[in-house]
Amino acid sequence: MILKLSTRWLAEFGRRPLNLILLIVVPLVFVTLSAGVLADFADILGGLGEVGNIEAATAGWAAAVLAGVSGFFHVSTSRNADRRLAEAGVGAIAVVASRLISTLALAAVSTLGALIALGVRTNSGLSWRVVGATILFSLIYVGIGVAVGALIESEMNGSLLVVFIWIFDVFFGPAMGGVGRLSQFFPLYYPTSVITSIDSGTAGLLGDLGLSGLIVVLALGVAVLALAMTTRSGSFATKEPPPFRRRIYAAQKAAFRQLQRMPIMWILVVGLPAAFISESIAVTPNSPTPVELAEAGARTLQILPMDEVHGAIMVPITVGFLASLAGLFVIVDSAEVDQRLSLTPFRPLEILWVRFVVIMSASLLATAISLLVTSLSFRPASWPIFVGANLLVALTYATIGVIAGPVFGRLGGIYVLLILPFVDIGLAQNPMFDAAPPTWGRFLPGHGAVRVMMDGAFTQSFDEGLPLFLALVWLVCLGVISTIVFRRVALARVS
Amino acid sequence: MMATPESVNAPNLGVGDQIVLEAAGIWKEYRRGLPTRRRSFPVLKGVDLSLTSGEIVGLVGENGAGKSTLMKILVGALQADAGTVQRTDRFGYCPQVPVLYERLRCDEHLELFGAAYGMSRSELSSSTEKLYEDLDFARFAQTRVEELSGGTRSKLNLAIAMMHDPALLCLDEPYAGFDWDTYQRFWDLTSRRRNAGASLLIISHFIADEERFDRIYDLVDGRAVQR
Ligand SMILES: Nc1ncnc2c1ncn2[C@@H]1O[C@H](COP(=O)(O)OP(=O)(O)OP(=O)(O)O)[C@@H](O)[C@H]1O
Ligand SMILES: [Mg+2]
């Protein structure tokens, strides 16, 4: 039964030959084209940087992302059919096993593609170590893809999640310089050490290989569990989910489509950080500038290179600006129809939630790209604090955007949002103008988060508890106000 | 539906008919101008109106009489200054100007609103299929609203209001922009719904429509007068 099912599913997959071709072509192209480029890039980032090693890692990365994505779709698109099958008496165990086997077969194809590409490129032959490690990469992402596919209903959200995990894994992994201690928790951290044959030094008793094996077992275990849980007959599977979940799901899907079809948003979110940040870092001289920082409980004036300070401060400026614009556009763009939607059983707060998820996704993307561009020339002392503070800025300004649209209108809102982030983060909080923010600057929404950001950028330890608290208070207040404003928009009972 | 002799002026208020909409003393004024020199324009001055199941009721009046304002209040899209509205929860509203997401396709709209109304997948697909056919716009199912003609937008606008087969339909000049063929199909559709027990309130300008209504309210001087 298991054999019959899994071969049938593979045949189904193969019925669209493009799928199969892509499975081989993508790793080929990825490895041949990107290995050199990525190696240079990793060099700049201060990673391991030995070209041969990175080259080997690219095969693993290509195999991983394809295994993850094809695993995701293989499970996600057939979830309902699988449930029905399990229900019809085939049994959950057989269905899950067959699904897993056919997914692994697909992963094997892409792994093969990646290894062939690597073999062609290096022409010095492949070591068993590289082949084995590439298989480890691929298995781990099969686990991730299948688990996400089983648990997350939306195809768009799920596939994005898999890709995001992979991006973080690759770009913040040890081959690219790492994110300090945090990167150890990414699934490919230890396998990367295996494939590049550079001891991570933190693997302990099991060693890098042992830990990698453990991660494989863990990933596949979680995948099987997730798949079994959602396939089991008599689970929530065959029932339709409750109405409120179905409508939120439908609205979320529609909202992402709207965003996806808004080209201006993409140009802004992707293009602006790239242009903005790299340009301003490039034009800033490397001259010293005084900055007030907190370290070991005391505030002191430190002298820092100006281009680094500029690199750091440009991230929250860009992120704040883009997050607020995303908030404005997404809300204003659909306000009128959201009103219509609120005449159905849809509750205004549910609609707000849907819109907010979209706004935050756009903001997260802008943040990720800003961080990536900045990381080319600047390495913060503490990545987690630096990233966290910028996310705080993104959240804060996204809510400001949500408020600005209904209050000032589309055009008025744009003007306000062109000015506010620059006055707040670009001027008041900007240490390039003043070592410490002026008094009036302390009353602006970005104050706390930017202090935390500077702390993460230039000091090892975290010393900005009060500013963090302040930032959170701002966030909560703005969150409440935006909720009230949006409720009024959606209900439109006043005129 | 049997009309008793006493109810000649209100043919559908026979025994067993359910009231699906009842409005009393609706008052609404719009305020214009700066807050310091704000002036009020009363549009509705105590409207009383009621609908029972299984009738098509017309709401007529000249431009600017307040028909759309009244309908928005009836469906809950606008707050009245005074008065009460009692209405079934199972209603659909078709606004005068199509209110649609520009970048979503027709079937994406129907999918979203279907989920919002709490329709099951099978209900959704059968209702969608029927409406595409009845209003004749199936070939635009995959077209984004921003690329649709005005008439097709109106069709989608109407389909969204009717798709969940509500007990009460409030339609604000739903056929503006329809061609003659679609206009005929529209009246077929509404009378079928009426015969199935639904109640329809339709805003209209056309004298020609009058024979299609079971009852007509004239909106004059901010009040609804039954003909
Ligand atoms: N949002 C608003 N603010 C101020 N005045 C308004 C507003 N909406 C409508 N009005 C005014 O209220 C009056 C009634 O408008 P309404 O749209 O209800 O008319 P109508 O009977 O539907 O007209 P039509 O046949 O043209 O659709 C008009 O004088 C209009 O100018
Ligand atoms: Mg009108």
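Proteins get letters first, then strands, A, B, ... in listed order; numbering begins at 1 in each.
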(request) Hey, could you give me the CZ/CG distance between A:Phe346 and B:Leu112, rounded to the nearest 0.5 Å? (result) 6.5 Å
(message) Would you compute the distance between atom CZ of B:Phe113 and atom OG1 of A:Thr344 and round it to the nearest 0.5 angstrom?
(response) 6.5 Å
(message) Ignoring hydrogens, what is the shortest heavy-atom contact between A:Leu341 and B:Ala116? Give both atom names and the distance.
(response) CD1-CB, 4.1 Å
For [X], look at atom [atom1] and say whether over 12 heavy atoms of other residues, nucleotides or ligands are found less than 6.0 Å away.
X        : atom1 : value
A:Phe244 : CZ    : no
B:Asp221 : CG    : no
B:Glu146 : CD    : yes
B:Tyr183 : OH    : yes

(request) Enumerate by number any residue of residues 259-269 of chain A whose heavy atoms lie under 4.5 Å from heavy atoms of chain B; in the absence of such residues, state 'none'. (result) A:Arg261, A:Met262
(request) May I ask you to list the residues in residues 353-360 of chain A that approach chain B closer than 4.5 angstrom, counting heavy atoms only, ordered by number? (result) A:Arg355
(message) Heavy-atom pairs under 4.5 Å with chain B: which of A:Arg247, A:Glu350, A:Arg340 has the most?
(response) A:Arg340
(request) Examine whether an atom of A:Asp338 lies under 4.5 Å from a heavy atom of chain B, and if so say whether it belongs to the side chain, the backbone or both; otherwise answer neither. (result) both
(request) With a 4.5 Å heavy-atom cut-off (strictly below), which parts of residues 86-110 of chain B touch chain A? List them by number. (result) B:Phe91, B:Tyr93, B:Cys94, B:Pro95, B:Val99, B:Leu100, B:Tyr101, B:Arg103, B:Leu104, B:Arg105, B:Glu108
(request) Write out, in numerical order, the residues from residues 127-144 of chain B with a heavy atom short of 4.5 Å from a heavy atom in chain A. (result) B:Arg144
(request) Let me know if B:Asn157 has heavy atoms under 4.5 Å from chain A in its side chain, its backbone, both or neither. (result) both
